[in-house]
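Sequence lines set the chain letters: A, B, ... in the order given, protein chains first and strands last, and positions in each chain run from 1.
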Amino acid sequence: MFNKRVKIKELLTWEPKEQEVTVMGWVRTFRNNQFVALNDGSTNNNLQVVLELGKFDEEQLKRITTSASLKVSGILIPSLGKGQKVELKATALEILGDSDAEKYPLQPKKHSLEFLREIAHLRFRTNTFGSVFRVRHSLAFAIHKFFNEMGFVYLHTPIITASDAEGAGEMFRVTTLPMDNPPRNEDDGSINFKEDFFGRSSNLTVSGQLEGELGATAFGEIYTFGPTFRAENSNTARHLAEFWMIEPEMAFCDLEDNMNLAEEFIKYIIRYAMENNREDLEFLAQRLVEEEKQLPQDKRSEMGLIEKLEFVLNNNFERITYTEAIDILLQSPAYKKKKFQYDVKWGIDMQSEHERYLVEKHFKKPVIVTNYPKDIKAFYMRQNEDGKTVAAMDILAPGIGEIVGGSQREERLEKLEQRMSEMHVPAEELWWYLDTRRFGSVPHAGFGLGFERMVQFVTGMGNIRDVIAFPRTPKNCEF
RNA sequence: UCCUCCCUAGCUCAGUUGGUUAGAGCAUCUGACUGUUAAUCAGAGGGUCGCUGGUUCAAGUCCAGCGGGGGGAGCCA
């Protein structure tokens with residue numbers, strides 16, 4: 001009868017009136033041979049279970065160790081001690097699973113995030129990761145809620161793709177060919193992919209956008225939300241080889257609409273987390289304060305986590321063009337004092353230091369930069385009338401960097417084909433993509449939002465590996 | 001991939017100009033105590049000093065290579 005258990009999160013809201021209840025969870029600490037702090041993952045707050053002296057078998061009490069799993073029945077009473085409102089006076093105790101204290105790696109003490117990363121299979125049982133992953137869940141749920149309310153269709157774009165023309169990065173190959181002795185073409189000795197599973201070379205997707213556009217030009221509005229794979233050798237706190245991305249795509253939509261939607265979307269999901277995960281966010285805010293105590297004053301965040309999120313909700317994102325951004329950088333004290341490592345001039349792909357200056361020093365809030373030079377952006381972005389720029393927009397967030405990359409798409413067939421040819425994108429492979437421009441083409445736009453970066457922004461976690469359950473990075477595929 | 005720093009007990013970290021038996025706090029175990037809040041008090045156990053090689057009478061300490069990790073950069077979301 002496991003389903004009769006009461007979740008601790010709910011129980012803690014009850015008025016104690018000697019209700020008989022059953023709870024199940026994992027031991028966080030066992031104090032004084034009498035008090036069990038029990039956690040079931042529904043909240044960071046533990047339920048204090050009281051085992052009255054002499055009422056329980058000594059041998060059984062010895063088995064109550066950190067992370068042992070318990071089933072406890074008892075009556076809910078007002079706590080006799082300080083520190084909690086209610087407690088459960090146990091009448092029956094069952095140990096569901098023992099936990100060898102000498103071998104269990106988590107202790108009731110502070111652990112480094114690096115250590116916890118090495119035991120990612122157990123780190124959900126800590127307060128920090130409990131909070132992070134409950135918030136992550138809420139953000140994911142809010143994303144579906146938002147788009148559903150907006151009338152978008154959730155489109156599952158493929159994970160495996162034969163097109164390597166998207167140019168979004170290095171790809172993981174998908175194959176069933178034997179690696180030690182693949183079939184080869186007789187003429188040049190190259191691998192014969194005609195014998196591979198799909199009869200052609202195939203990879204894991206780096207973006208669902210191109211397929212997303214196919215959906216948008218039928219349903220009007222679609223979004224994707226799925227895993228994305230990049231085989232880049234990136235070793236940073238904001239890159240993963242496997243990450244989740246949200247990619248809405250809207251027909252009858254220009255760059256302005258696109259920006260409006262992105263801003264509204266981001267605020268919506270943050271607001272949802274603020275309303276539904278207040279305790280977790282407060283815990284994470286406190287965690288951040290503690291972590292930053294080790295930093296020198298000038299390296300600490302100016303705003304607390306909650307403050308920062310409220311600030312984002314209550315203020316419009318700054319909107320500037322790329323050209324204006326470059327002007328701001330050129331006028332900046334940092335530039336004049338030669339503080340930038342990389343030079344600034346129109347046409348450059350802005351470096352992190354430039355983006356950080358704009359977002360963290362100059363505007364101190366999220367910034368949407370639009371109309372980038374066409375030479376530093378993808379082939380599918382709509383060419384502006386000036387002949388130099390494209391209708392792109394990136395949203396830069398304080399502390400995270402680029403959180404959204406999007407654009408109005410080039411809907412004019414000739415312009416698109418011309419750009420593909422200039423950038424050596426094989427048009428024949430993307431015949432299906434070009435068909436949307438051949439048959440009822442419409443102005444449309446969309447963007448991609450890195451889910452983990454969003455989770456980082458909301459939780460204040462500094463390393464992207466700590467906001468995904470089992471991070472995949474170069475040289476790391478454990479669990 | 002580049003730059004830089006780090007790797008000593010289960011965890012977090014000391015370890016002096018190279019020198020005898022490598023330490024502390026927490027955790028664990030044993031005992032005491034029993035309305036505790038990361039309980040407290042007393043005691044005990046616990047180490048291939050990341051790996052391989054080198055220099056030296058002597059290496060945790062110096063040198064080289066390799067592996068793993070952190071921070072920064074590039075690529076990007």
Novice: Roughly how far apart, to the nearest Å, are B:C49 and B:C7 at atom P?
Specialist: 14 Å
Novice: Within 45° of the six-membered ring axis of A:Trp346 and under 6.0 Å from that ring's centre, is NZ or CZ of A:Lys388 located there?
Specialist: yes
Novice: Assign A:Arg28 to base, sugar-phosphate, or nothing according to its heavy-atom contacts below 4.0 angstrom with the strands shown.
Specialist: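 Here A:Arg28 touches no strand at all.
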Novice: Is there a Watson-Crick or G-U wobble partner for B:G10 with both distances under 3.5 Å, and if so, which one is it?
Specialist: B:C26
Novice: Judged by each residue's nearest nucleotide on RNA chain B, which is more toward the 5′ side, A:Lys377 or A:Thr65?
Specialist: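 With A:Thr65 and A:Lys377 compared, the 5'-side residue is A:Thr65.
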Novice: Does a salt bridge link A:Arg238 with A:Glu402, judged by any charged N lying under 4.0 Å from a carboxylate O?
Specialist: no
Novice: For a quick check under 3.5 Å, do A:Arg230 and A:Thr228 share a side-chain donor-acceptor pair by atom type?
Specialist: no
Novice: Are A:Arg319 and A:Glu256 ion-paired here, with the side-chain N under 4.0 Å from a carboxylate O?
Specialist: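 So A:Arg319 pairs with A:Glu256 through a salt bridge.
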Novice: Regarding A:Ser79, tell me which of base, sugar-phosphate or nothing describes its non-hydrogen contacts under 4.0 Å with the strands shown.
Specialist: base
Novice: May I ask you to say what A:Gln84 touches in the nucleic acid, namely base, sugar-phosphate or nothing, with a heavy-atom cut-off under 4.0 Å?
Specialist: base
Novice: Starting from the C-alpha separation in whole Å, work towards a yes-or-no answer on side chain to side chain donor-acceptor pair (under 3.5 Å) for A:Tyr223 and A:Glu249.
Specialist: CA-CA 6 Å; A:Tyr223 71 106; A:Glu249 194 69 37; over 6 Å; no
Novice: So, does the side chain of A:Glu102 form a donor-acceptor pair with the base of B:G45 at under 3.5 Å?
Specialist: no
Novice: Centres of the A:Phe225 and A:Phe147 rings: under 6.0 Å?
Specialist: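 They do not qualify: ring centres at least 6.0 Å apart.
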Novice: A:Leu53 side chain: which of B:G74, B:G35, B:U34 is closest?
Specialist: B:U34
Novice: OP1 or OP2 of B:C76 sitting under 4.0 Å from any side-chain N/O of A:Ser234?
Specialist: no
Novice: If the cut-off is 4.0 Å, is A:Asn235 near the phosphate of B:C2, judged by side-chain N/O to OP1 or OP2?
Specialist: no
Novice: Using atom C1' in both nucleotides, what's the gap between B:C57 and B:U20 to the nearest angstrom?
Specialist: 13 Å
Novice: Using side chain to side chain donor-acceptor pair (under 3.5 Å), reason through A:Gln209 and A:Tyr380 one step at a time and then give a plain yes or no.
Specialist: CA-CA 10 Å; A:Gln209 181 200 315; A:Tyr380 49 73; 3.1 Å; yes
Novice: Any luck finding a side-chain donor-acceptor pair between A:Asn258 and A:Gln408 under 3.5 Å?
Specialist: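 On atom types as modelled, these side chains do not qualify, holding no pair under 3.5 Å.
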Novice: Could you work out which one of B:C76, B:A38, B:U36 sits closest to the side chain of A:Asn32?
Specialist: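 Looking only at side-chain atoms, A:Asn32 lies closest to B:U36.
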Novice: What distance, rounded to whole Å, do you find between the two P atoms, one in B:U48 and one in B:C11?
Specialist: 12 Å
Novice: Has A:Arg117 got a side-chain N or O lying under 4.0 Å from the OP1 or OP2 atom of B:G70?
Specialist: yes
Novice: Indicate yes or no: does A:Glu18 engage A:Lys89 in a salt bridge with an N to O separation below 4.0 Å.
Specialist: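 The answer is no: the pair does not qualify as a salt bridge.
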Novice: Assign A:His239 to base, sugar-phosphate, or nothing according to its heavy-atom contacts below 4.0 angstrom with the strands shown.
Specialist: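 Touches a base.
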Novice: Applying a 4.0 Å non-hydrogen cut-off, can you work out what A:Glu247 is touching in the nucleic acid: base, sugar-phosphate, or nothing?
Specialist: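 It contacts nothing in the nucleic acid.
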Novice: Need one value for A:Phe30: base, sugar-phosphate or nothing, where a base atom within 4.0 Å counts as base even if backbone is also close, heavy atoms only.
Specialist: nothing
Novice: Look at all strands and tell whether A:Thr236 reaches a base, only sugar-phosphate, or nothing, counting heavy atoms closer than 4.0 Å.
Specialist: base
Novice: Under a 4.0 Å N-O cut-off, is there an ion pair linking A:Glu360 with A:Lys364?
Specialist: no
Novice: Rounding to a whole Å, what distance do you find between A:Lys62:NZ and B:U28:C1'?
Specialist: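 So the NZ-C1' distance, A:Lys62 to B:U28, works out to 14 Å.
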Novice: Using the C1' atom as the point on both nucleotides, what is the distance between B:G70 and B:G53, in whole Å?
Specialist: 27 Å
Novice: Under 6.0 Å from the ring centre and within 45 degrees of the ring axis: does the NZ or CZ of A:Lys308 meet both conditions for the six-membered ring of A:Phe457?
Specialist: yes
Novice: Does any residue of residues 391-408 of chain A have a heavy atom under 4.0 Å from RNA chain B, and if so, which ones, in number order?
Specialist: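 Only A:Glu402, A:Ile403, A:Val404 qualify.
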Novice: Closest to the A:Arg31 side chain: B:G69, B:G74, B:A39?
Specialist: B:A39
Novice: Between A:Asn463 and A:Phe451, just flag the one whose closest nucleotide in RNA chain B comes earlier from the 5' side.
Specialist: A:Asn463
Novice: In whole angstroms, how far is the C1' atom of B:G74 from the CZ atom of A:Arg356?
Specialist: 13 Å
Novice: So, under a plain 3.5 Å distance rule, would you say the side chain of A:Gln107 forms a donor-acceptor pair with the base of B:G10?
Specialist: yes
Novice: Considering only side-chain heavy atoms of A:Ala101, which listed nucleotide, B:C76, B:U28, B:U36, is closest?
Specialist: B:U28
Novice: Please confirm whether the ring centroid of A:Phe129 lies under 6.0 Å from the ring centroid of A:Phe124.
Specialist: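 No, ring centres 6.0 Å or more apart.
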Novice: Give none if B:U21 has no partner; otherwise give the nucleotide forming a Watson-Crick or G-U wobble pair with it, both distances under 3.5 Å.
Specialist: none
Novice: Whole-Å distance between B:C3 C1' and A:Tyr342 OH?
Specialist: 10 Å
Novice: Under a 3.5 Å cut-off for both contacts, is B:U56 paired Watson-Crick or G-U wobble with anything, and if yes, with which nucleotide?
Specialist: none
Novice: Rounded to whole angstrom units, what separation is found between the NE2 atom of A:His354 and the C1' atom of B:A73?
Specialist: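 My rounded result for the distance is 13 Å.
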Novice: Scan residues 127-142 of chain A against RNA chain B and write down, sorted by residue number, each residue with any heavy atom closer than 4.0 Å; if none is found, say none.
Specialist: none
Novice: Would you indicate, yes or no, if B:G72 has its OP1 or OP2 atom less than 4.0 angstrom from a side-chain nitrogen or oxygen of A:Arg238?
Specialist: no
Novice: Between A:Asp254 and A:Arg382, does any NZ, NE, NH1 or NH2 come within less than 4.0 Å of an OD or OE carboxylate oxygen?
Specialist: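 Salt bridge flag = no for A:Asp254 with A:Arg382.
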Novice: What integer distance in Å separates A:Gln286:CD from B:A38:P?
Specialist: 14 Å
Novice: Rounded to the nearest Å, what distance is computed from the CD atom of residue A:Gln456 to the P atom of nucleotide B:C76?
Specialist: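 Roughly 18 Å, once rounded to whole Å.
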Novice: Between B:U37 and B:C51, how far apart are the two P atoms, rounded to whole Å?
Specialist: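 B:U37 and B:C51 have their P atoms separated by 41 Å.
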Novice: Would you please confirm or rule out a distance under 4.0 Å between OP1 or OP2 of B:U37 and any side-chain N or O of A:Gln48?
Specialist: no
Novice: Determine the Euclidean distance between corresponding C1' atoms of B:U12 and B:C3; express it in Å to zero decimal places.
Specialist: 28 Å
Novice: Measure the distance from CZ on A:Phe115 to P on B:U8 and round it to the nearest whole Å.
Specialist: 12 Å
Novice: Return the nucleotide paired to B:G47: Watson-Crick means purine N1 to pyrimidine N3 with N6-O4 or O6-N4, wobble means G-U with N1-O2 and O6-N3, both under 3.5 Å.
Specialist: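 Here B:G47 is not engaged in any pair, so there is no nucleotide opposite it.
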Novice: Which nucleotide sits closest to the side chain of A:Arg230: B:G70, B:A73, B:C76?
Specialist: B:C76
Novice: Applying a 4.0 Å non-hydrogen cut-off, can you work out what A:Lys103 is touching in the nucleic acid: base, sugar-phosphate, or nothing?
Specialist: nothing
Novice: Tell me the interatomic distance from A:Phe229, atom CZ, to B:C76, atom C1', rounded to whole angstroms.
Specialist: 16 Å
